[in-house]
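Working notes for the structure below.
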Amino acid sequence: MVREGTPKERAPKAIQRVGYYIFLRDILTLALTAFGGPQAHLAYFQRLLVEKRKYVTEEELMEINSLCQMLPGPASTQTLTAIGFKIGGPTLAYLTLLVWILPAVIIMMIAAMIMSSIQAKNWSTEFTRFIQPMAVGFVSYGAYIISVKTIRTKTGFVILLVAAVMSYIFQTPFVFPIILLGAGLVTALKYKAQPKEEKQKLVVPWANFLLWINVLIFAAVLGAVTKSLPVKLFENFYRNGSLVFGGGQGLAPLLYSEFVEIEEGGGGKKVSKLKAKIKEKYAPKPLHHPTSHNEFLSGYAVAQALPGPVFSFSAYIGALSMRDYGTGGEIIGAAMSALGIFLPGTFLIFFVIRFWDSLKKYRAVRASLEGITAASSGLVVASAVILFQPLANTTLNFAVTLSTFALLTFTKIPPPFIILGGLVLGFLLK
């Protein structure tokens, strides 16, 4: 339940006295210590924000998180920014976003620079060979966790299978929102199974929605007119951030289809979708493909090993996409990509949270969530298969993927130690 009063009136007195310094310091603590992705982040939020600081109640935290799971974008990031919004309004919310994402974004940008340097010097990346099947293990674990938490009916299971098959066959980001919308409509028809609640007058403040759609249109038009690579990166990630459900695991299939080189003609000439879009503008200076399959999986594994938002992976892809333009270009690419991926989810949660209490009274809205979450699970299941296929079909790769999945499922070993173990094993067996 949303508390009455303005954000400042709702904020604890201790926060008002120190100008929200303690709250932002707590967010920085979470950014440096909250490992494990969105499924694990909620436990960290519960301990620090609810039990220790009492910024919100447990009921408020769970409700905000459920709402964020329904929206496209990074659920953990949206949950924190929504709490910041409830406490201190838009200013504190944007500061919360910045403090939460900055450490992971910087680390992923540095990881991309290291990868670029290794490639430029033709150094061997053999030591990362176990990281790639391990990344598939992380995605598989994400698919498993999401499915276990969201699939509770036969309808949900069928939707999961259909979404997985469709997203596997049509490996394009434009099919994902169609799958999600169709799944939501299917379960919305079951609205009579939802309990009736007394409806409230629905008043929708459209400012943040218009901001979201206007930025999307402006970025698309500006990119088309200027042919600027940084602008195109921002537009691409902003569009993906507006489409992706399922958190960091759901991000993988979207970015893979957009940024990883694709083999045409059974292993012939290799091209990429992004390269095709910008080739004409930058033809005088040849571009590398944005990322290779190996680079993609290595970066994704690093993102899984870091605390903070998995969406920081966008900074890695953005930096690699502008590796031809030196260190400055890599920094710009990382910044534009991170900004693009995080902003749409922030705008949308600011838009919806203002009238969510009234909207959730409608049974069709609540019923549609079953289909949307089931389809999101299907997309992640398909992404695990898609990511594994280009790897060498060896017993060792299968074993590494299954071992990673087992370690995540049956042990409490933190992801950074799993990744570090893979790197050490790669060095030893090099």
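Since the model is a prediction, treat every value here as computed from it, not as a measurement.
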Quick one: do L49 and L30 satisfy side-chain contact (heavy atoms from CB on, under 4.5 Å)? Show the steps, please. CA-CA 10 Å; L49 304 182; L30 290 171; 4.2 Å; yes

Spatial distance of atom [atom1] ([X]) from atom [atom2] ([Y]) [nearest 0.5 Å]:
| X | Y | atom1 | atom2 | answer |
| --- | --- | --- | --- | --- |
| L92 | F85 | CG | CZ | 11.0 Å |
| D26 | T96 | CG | OG1 | 10.5 Å |
| L408 | T404 | CG | OG1 | 7.0 Å |
| L339 | F234 | CG | CZ | 5.0 Å |
| L229 | L233 | CG | CG | 4.5 Å |
| R323 | S117 | CZ | OG | 11.5 Å |

Taking [X] for its side chain and [Y] for its backbone only, find out whether a donor-acceptor pair lies under 3.5 Å.
| X | Y | value |
| --- | --- | --- |
| N240 | N236 | yes |
| T401 | P133 | yes |
| Y238 | A220 | no |

Is the F296 to F313 ring centre distance short of 6.0 Å? yes

Salt bridge check, E370 against R152: does any charged N sit closer than 4.0 Å to a carboxylate O? no

Heavy-atom closest pair, residues [X] and [Y]:
| X | Y | value |
| --- | --- | --- |
| A112 | L320 | O-CD2, 3.5 Å |
| A82 | I353 | CB-CD1, 3.8 Å |
| W100 | S76 | CZ2-CB, 4.2 Å |
| S312 | V105 | CB-N, 3.9 Å |
| T81 | A93 | O-CB, 3.5 Å |
| S337 | S314 | CB-O, 3.4 Å |

A side-chain contact here means heavy atoms from C-beta on lying under 4.5 Å apart; do [X] and [Y] qualify?
| X | Y | result |
| --- | --- | --- |
| T57 | V50 | no |
| T346 | Q78 | no |
| F347 | F342 | no |
| M166 | I178 | no |
| L216 | I213 | yes |
| R354 | N208 | yes |
| I83 | F45 | no |
| P72 | L348 | yes |

Ring geometry between F405 and Y141 (parallel below 30°, tilted from 30 to 60°, perpendicular above 60°): perpendicular

Under 30°, 30 to 60°, or over 60°: which ring-plane class applies to F23 and Y55, parallel, tilted or perpendicular? perpendicular

Go through the steps for E51 and Q46 under the test side-chain contact (heavy atoms from CB on, under 4.5 Å), then give the verdict. CA-CA 6 Å; E51 297 174 4; Q46 169 74 21; 3.4 Å; yes

Once ring-ring contact (aromatic ring centres under 6.0 Å, His included) is applied, do any residues pair with F237, and if so which ones, sequence neighbours excluded? F259

Residue list, ring-ring contact (aromatic ring centres under 6.0 Å, His included) with F351, at least two apart or on another chain: W206, F209, F355

For F311 and T77: C-alpha separation, side-chain torsions, deciding distance, then whether side-chain contact (heavy atoms from CB on, under 4.5 Å) applies. CA-CA 9 Å; F311 273 51; T77 302; 5.8 Å; no

Would one find more than 12 heavy atoms of other residues, nucleotides or ligands at under 6.0 Å from atom CZ of F157? no

Excluding sequence neighbours, so at least two apart, what forms side-chain contact (heavy atoms from CB on, under 4.5 Å) with V99? L24, I27, L28

